[in-house]
Amino acid sequence: AKAAGGNRYEHADPEADTRAITRYGLTNSLPTALERGEFFIEYQPLVRLSDGQVHGAEALVRWSHPLRGVLGPDQFIPLAENTGLIVPLGRWVLEEAVRQARDWQFQHIDGRPLRVNVNLSPCQLHHPGLVRDTVEVLKEAGMDPSALCLEVTESALIGADEALLKPLRELADLGVDIALDDFGTGYSNLSNLRRMPLSTLKLDRSFTRGMQHNPADPVDIKIVEGIVSLAHTLDLAVTVEGVETGIQAEHLRVLGCDTAQGWYYARPGPPEQLHELVLVDAT
Ligand code: C2E
Ligand code: CA
Ligand code: CA
Ligand code: CA
């Protein structure tokens with residue numbers, strides 16, 4: 001089901017894949033997969049639109065299955081959530097990504113610390129150990145909390161009450177950045193944004209698509225303009241995902257978006273890719 005030339009791990013029908021994996025009993029091999037070290041992380045650079053500099057990367061988990069090859073997160077994260085494995089898996093991703101970011105900081109010569117973004121699933125948000133675990137991981141790595149950004153999807157926060165926001169607020173108070181992922185897909189109440197301890201809105205890929213042509217789709221321009229102005233009023237940075245062409249990047253830069261991520265800059269890849277990009281960038 002792999003789409004040739006597209007996202008290596010993107011499947012035409014993720015739900016059918018998930019069903020098939022369940023059928024083949026892969027749910028059972030999930031816990032041992034963690035013990036056997038079958039998960040790995042790819043990093044996709046985050047680029048500042050104003051000057052084109054790489055300032056960090058998002059950690060994206062993959063499963064190197066001994067029989068089925070490399071599986072993308074859409075194929076196993078839902079299973080991990082259903083089985084509760086997402087909590088230890090999520091902690092592993094956090095540990096791994098923070099350790100990687102710490103290494104990047106050591107290798108970095110021009111004093112620009114690279115940051116790392118880690119996705120949090122709704123289960124992890126509800127887990128009582130979230131703040132403790134995160135603080136522990138940062139301490140063990142000796143990393144400044146401000147070098148970490150946790151991404152939470154808009155849908156995970158819909159109707160969020162104080163109990164759910166409290167751990168995020170504690171993390172934000174420690175200096176961890178919180179980003180609202182897939183923004184624009186979850187019908188969130190815009191006035192709710194004020195209550196949330198956010199520093200970044202990550203605009204969903206669907207908005208980037210309207211920026212494909214020259215001139216860009218006028219309705220999409222108005223929408224993005226509105227979101228950027230709202231975000232900046234609330235002191236939030238705007239990151240755009242799914243930037244595949246220079247035309248899109250240019251439109252989004254002109255519209256005032258702060259950071260971009262997408263195939264135009266780099267596909268998710270091994271940690272060395274980021275190091276190379278930054279070094280090339282710095283010369
Ligand atoms: P996401 O957080 O929205 O991540 C962005 C997705 O868009 C990634 O898919 C990335 O490979 C893809 N992408 C990046 N640039 C482009 C582009 O220019 N064009 C297109 N068409 N796609 C692009 P991926 O790696 O398959 O991850 C899918 C989702 O799985 C992520 O969506 C995230 O929600 C989830 N995920 C990934 N890693 C983790 C993790 O460690 N924990 C949790 N809870 N979820 C994760
Ligand atoms: Ca994300
Ligand atoms: Ca996203
Ligand atoms: Ca997404």
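Whatever order the structure lists them in is the order used to number ligands and atoms, beginning at 1. Predicted model, so just to flag it, every value in this text is computed and none were measured.
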Would you mind reporting whether [Y] and [X] have side-chain heavy atoms less than 4.5 Å apart?
X      : Y      : answer
Thr208 : Glu241 : no
Phe39  : Leu30  : yes
Met211 : Leu255 : yes
Arg115 : Asp177 : yes
Thr185 : Ser155 : no
Leu130 : Leu171 : yes
Leu94  : Leu150 : yes
Glu42  : Arg267 : no

Name, closest N/O/S atom of [X] to the Ca ion (ligand 2):
X      : answer
Glu151 : OE1
Glu58  : OE2
Asp181 : OD2

Would you name the N/O/S atom of Asp182 that lies closest to the Ca ion (ligand 3)?
OD1

Distance alone, cut at 3.5 Å: any donor-acceptor contact between the side chains of Trp63 and Glu38?
yes

When you check the side-chain N and O atoms of Glu58 and Asn119, is any donor under 3.5 Å from an acceptor?
yes

[X] [atom1] to [Y] [atom2] distance, which is reported to the nearest 0.5 Å:
X      : Y      : atom1 : atom2 : result
Leu203 : Leu180 : CG    : CG    : 10.0 Å
Leu114 : Leu277 : CG    : CG    : 10.5 Å
Arg102 : Glu140 : CZ    : CD    : 10.5 Å
His232 : Leu201 : NE2   : CG    : 9.0 Å

Considering [options], which one's heavy-atom position lies nearest to [atom]?
atom                    : options                        : result
atom 1 (P) of ligand 1  : Leu125, Val243, Asp181, Asp204 : Asp181
atom 35 (C) of ligand 1 : Gly72, Ala266, Pro73           : Pro73
atom 19 (N) of ligand 1 : Glu244, Glu96, Glu81, Gln261   : Glu244
atom 18 (O) of ligand 1 : Phe76, Trp263, Tyr265, Trp92   : Trp263
atom 42 (N) of ligand 1 : Thr185, Val93, Asn119          : Asn119

Once you restrict to heavy atoms under 4.0 Å, what part of Ile41 touches ligand 1? Side chain, backbone, both or neither.
neither

Residue portion contacting ligand 1 (non-hydrogen atoms closer than 4.0 Å) for Asp182
side chain

Atom indices of ligand 1 within 4.0 angstrom of [X] heavy atoms, with elements:
X      : result
Glu58  : 2 (O), 4 (O)
Val61  : 38 (N), 39 (C), 40 (C), 41 (O)
Gly262 : 15 (N), 18 (O)
Ser121 : 44 (N)
Glu241 : 3 (O)

Hey, is [X] one of the residues with a heavy atom under 4.0 angstrom from ligand 1?
X      : result
Arg267 : no
Gln44  : yes
Gly242 : yes
Arg205 : yes
Arg62  : yes
Pro268 : yes

Flag Asn117 as yes if one of its N/O/S atoms falls below 3.0 Å of the Ca ion (ligand 2), otherwise no.
no

Do Leu60 and Leu71 land in one hydrophobic cluster if side-chain heavy atoms of ILVMFWY residues count as linked below 4.5 Å?
no

Would one find an N or O of Tyr264, backbone or side chain, under 3.5 Å from an N or O of ligand 1?
no

Strictly under 3.0 Å, is any N, O or S atom of Glu241 next to the Ca ion (ligand 3)?
yes

